[in-house]
Each structure stands twice: as C-alpha cells, then as structure tokens.
There are 2 protein chains.
Amino acid sequence: MLDREFFLGFVRIHILYHASKEPISGVEIAKELRRHGYYLSPGTLYPALHRLEKKGYLERSSRVVAGKVRKYYVITQQGLEVLKDASKKIRELVDEVLEEGG
Amino acid sequence: MLDREFFLGFVRIHILYHASKEPISGVEIAKELRRHGYYLSPGTLYPALHRLEKKGYLERSSRVVAGKVRKYYVITQQGLEVLKDASKKIRELVDEVLEEGG
DNA sequence: ATGATAATATCGCCTGACAATATCGGAATA
DNA sequence: TATTCCGATATTGTCAGGCGATATTATCAT
C-alpha cells in the first residue's frame with residue numbers, strides 16, 4: 001500500500017469532501033476510505049476527526065442508527081474554504097504530475 | 001496558507017516528481033515548493049529528504065555549484081512506483097472532488 | 001437489570017514537524 | 001596555507017500526530 005506519509009493529506013480531503021455532501025459518521029467515513037484503498041485504524045481516524053472539528057472545519061452531532069450512537073460530521077464554512085484551497089493545490093499537482101501520460 | 005496537515009503529502013509528491021525529471025538539490029526543491037506556495041523550513045525539508053532517501057525513493061549525490069556543496073537527488077525505481085501509485089490516488093481525488101465545478 | 005454488539009474514545013509509545021541553531025566545505029583574500 | 005566568509009546542508013529540542021491495542025459508551029434484546 002502507498003506509504004502513509006504521502007496519502008494522509010488525501011484522506012483529510014476525502015473526509016471534508018464527503019462531509020460537504022451529506023452528514024457522515026465515523027464508520028461511514030472509514031468505509032468510504034477503504035473503498036479508496038485507505039485503511040485507517042480507529043486510533044488514527046477518530047483523533048483526526050476530533051482535530052478537524054476542533055479546528056472548525058467540521059461540525060458534529062449525534063444520531064442513533066440501528067441501536068448504536070453515531071457522531072455525524074458536516075463541513076463548515078471554514079471547512080469549505082479549506083476544501084477549495086486544497087482543490088486548487090490538487091489542480092496544480094495534476095497539471096504538473098499527471099499532465100503527460102498518467 | 002492551507003493547513004499543513006493537508007498539504008505535506010503534496011509536497012512529497014512534488015519532490016518525487018521533480019527528482020524524476022532531473023537531479024535536484026535541497027535549495028532548488030525549496031524554491032520549487034515556494035513557487036507552489038509551500039514554505040518549508042530546513043528543519044522540515046531536509047529530514048524529509050533524508051527519509052525519502054532512506055526509504056529508497058531517492059538517491060543522493062554531491063556536486064559543487066558556485067563554490068558550494070549541494071546534494072542532488074534523483075528518483076529511484078522504487079520511487080517511480082510510489083509516484084505512480086500516488087498519481088492514481090490523485091486521479092481518484094480529482095474524479096471525486098473536482099469533477100463538478102472546480 | 002444484564003449481556004451482547006458496534007460505534008466511538010483514549011492510552012502509550014514512537015515517529016515526524018519545525019524553528020532555531022550548528023556544521024560543513026569550497027573560494028577568496030592575504 | 002591559514003583565515004574568513006558564505007550559503008547549503010545537518011541537527012537539536014520540543015511538541016504534535018500516527019497508530020495498534022484497549023477501554024468506554026449507548027442502545028437493544030432478553
């Protein structure tokens with residue numbers, strides 16, 4: 001699997017993106033990430049979510065689904081701006097690294 | 001500036017990319033990164049280069065330029081594979097996050 | 001109430017970020 | 001050749017984050 005030092009930033013962006021589409025919980029995020037080939041343990045995922053919330057990029061609320069409590073995350077205005085900035089950077093990467101060939 | 005926890009992976013990829021085009025030194029890398037809006041201090045850049053070398057993604061050689069020693073880095077076969085994997089992941093990000101609009 | 005289940009939270013160790021500081025090596029000067 | 005300068009690279013010390021393992025929590029079924 002791709003070395004973690006390369007993809008952890010990608011993971012953050014995937015999270016912000018999904019949280020911009022609809023409220024999404026930790027397990028659901030984990031599942032989405034797995035779909036993309038990112039296998040994060042709870043010890044990595046949850047602290048990351050808490051941090052993104054603390055920084056003001058995500059907003060959290062609780063909901064009960066199938067008898068279990070889930071914490072749902074939605075992106076904030078500030079999170080949207082970060083996502084937009086990140087998109088700009090991704091474009092630059094693409095223009096440079098993927099222009100020819102990829 | 002964009003939060004570091006998002007972009008440090010991008011920086012690595014830029015480094016591998018440039019090192020795949022031609023031998024490039026620390027200062028030159030720093031300059032390239034600044035061009036992209038990434039301002040890394042020596043305490044971040046050099047240890048990162050050493051680590052990428054140690055992991056076998058980069059190969060180092062010394063050269064004297066304008067009376068100063070520079071360490072030039074070139075990508076390795078293994079580094080190329082990482083870069084290729086990363087490109088795949090970037091594509092996924094683009095398809096998902098940038099598809100509509102950006 | 002109790003146990004089972006699954007989602008979230010935390011602990012502890014280790015690695016990495018980073019600003020500040022040190023080192024190193026060639027070139028120029030004398 | 002000793003000295004000094006300069007800019008590139010290296011390292012140090014502190015703090016934040018990654019991550020596997022473990023604990024906690026809240027709900028439902030019995």
Side-chain angles (χ1 to χ4, degrees), chain A residues 1-16 18-19 22-34 37-74 82, chain B residues 1-16 18-19 22-34 37-74 82:
Chain A
M1 184 175 44
L2 181 56
D3 194 313
R4 289 186 121 85
E5 86 170 293
F6 288 90
F7 72 61
L8 279 177
F10 292 0
V11 164
R12 313 286 199 262
I13 294 168
H14 274 291
I15 291 174
L16 287 194
H18 286 294
E22 66 200 330
I24 188 167
S25 69
V27 267
E28 291 166 357
I29 288 170
K31 189 179 169 188
E32 273 298 326
L33 292 176
R34 257 178 273 125
Y38 304 118
Y39 300 87
L40 299 196
S41 76
T44 300
L45 179 60
Y46 289 106
L49 289 175
H50 299 165
R51 198 168 49 256
L52 291 175
E53 185 197 2
K54 194 173 175 188
K55 286 181 178 174
Y57 305 153
L58 293 178
E59 202 173 81
R60 181 169 61 160
S61 61
S62 290
R63 198 190 303 177
V64 174
V65 176
K68 303 295 168 232
V69 177
R70 288 186 187 174
K71 308 299 170 64
Y72 278 78
Y73 293 89
V74 189
V82 168
Chain B
M1 187 175 41
L2 183 55
D3 194 314
R4 289 184 118 89
E5 85 169 295
F6 288 89
F7 72 62
L8 279 177
F10 293 180
V11 164
R12 313 284 200 264
I13 294 169
H14 274 292
I15 291 174
L16 288 194
H18 285 294
E22 65 198 332
I24 188 167
S25 69
V27 269
E28 291 165 357
I29 288 171
K31 187 178 169 185
E32 272 299 326
L33 292 175
R34 258 178 271 125
Y38 304 117
Y39 299 88
L40 298 195
S41 76
T44 301
L45 178 60
Y46 289 105
L49 289 175
H50 299 165
R51 198 168 49 255
L52 292 175
E53 185 196 3
K54 195 171 173 188
K55 286 181 179 173
Y57 305 152
L58 294 177
E59 204 174 78
R60 181 169 59 162
S61 61
S62 291
R63 199 190 303 175
V64 174
V65 176
K68 304 294 168 231
V69 177
R70 289 186 186 174
K71 308 298 169 63
Y72 278 78
Y73 292 91
V74 189
V82 168

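Numbers restart at 1 for each chain; the letters A, B, ... are given by sequence-line order, proteins then strands. Note that these values count all heavy atoms, side chains included, but never hydrogens, waters or copies made by symmetry.
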- Message: Between B:Ala48 and A:Glu28, which residue's closest nucleotide on DNA chain C lies nearer the 5′ terminus?
- Response: A:Glu28
- Query: Heavy-atom distance under 4.5 Å between the side chains of B:Leu49 and B:Leu58, does that happen here?
  - Reply: yes
- Message: Please report the distance, rounded to the nearest Å, between CZ in A:Arg70 and C1' in D:dT24.
- Response: 18 Å
- Note on the structure: For B:Leu45 and B:Gly26, the nearest pair of non-hydrogen atoms, with its separation, is CD2-O, 3.5 Å
- More than 12 heavy atoms of other groups within 6.0 Å of B:Glu32 CD: yes
- Message: Protein within reach of the bases, or only the backbone? For nucleotides 22-30 of chain C, mark each nucleotide 5' to 3' as B, S or -, using heavy atoms under 4.0 Å.
- Response: ---BBS---
- Can you check the B:Ile29 CD1 to D:dA10 P distance for me, whole Å? 11 Å
Tabulate atom names and distances for all N/O pairs under 3.5 angstrom spanning the protein and nucleotides 21-23 of chain D.
none

- Task: Could you please spell out the steps behind the side-chain contact (heavy atoms from CB on, under 4.5 Å) verdict for B:Val64 and B:Arg70?
- Result: CA-CA 6 Å; B:Val64 174; B:Arg70 289 186 186 174; over 6 Å; no
- Any side-chain heavy atom of B:Leu40 within less than 4.5 Å of one from B:Tyr46? no
- Task: Working to the nearest 0.5 Å, report the span between OH of A:Tyr57 and CZ of B:Phe6.
- Result: 6.0 Å
- Message: If I take atom CG in residue B:Leu40 and atom P in nucleotide D:dA8, what distance separates them, rounded to the nearest angstrom?
- Response: 16 Å
- Task: Apply the side-chain contact (heavy atoms from CB on, under 4.5 Å) test between A:Tyr72 and each candidate in A:Glu22, A:Arg60, A:Glu28; give the one that qualifies.
- Result: A:Glu28
- Whole Å only: how far is the CG atom of A:Leu49 from the C1' atom of C:dT10? 14 Å
- Item | Rounded distance in Å - NZ (B:Lys54) to C1' (C:dT15) | 11 Å
- Item | Enclosure of A:Lys31 NZ (heavy-atom neighbours >12, cutoff 6.0 Å) | no
- Task: Report the distance from atom NZ of B:Lys31 to atom C1' of D:dA8, rounded to the nearest whole Å.
- Result: 15 Å
- Task: Could you grab the distance from atom CZ of A:Arg51 to atom CD of B:Glu5, nearest 0.5 Å is fine?
- Result: 4.5 Å
- Note on the structure: To the nearest angstrom, the NE2-C1' distance between A:His50 and D:dG17 comes to 14 Å
- Query: Do the side-chain N or O atoms of B:Tyr46 get closer than 4.0 angstrom to the phosphate oxygens (OP1, OP2) of D:dA10?
  - Reply: no
- Respond yes when some side-chain nitrogen or oxygen of A:Arg51 is under 4.0 Å from OP1 or OP2 of D:dG17, and no when none is. yes
- Item | Comparing A:Arg60 and B:Leu8 on DNA chain C - which has the more 5′ nearest nucleotide | A:Arg60
- Query: Rounded to the Å, how far apart are A:Leu52 CG and D:dG18 C1'?
  - Reply: 14 Å
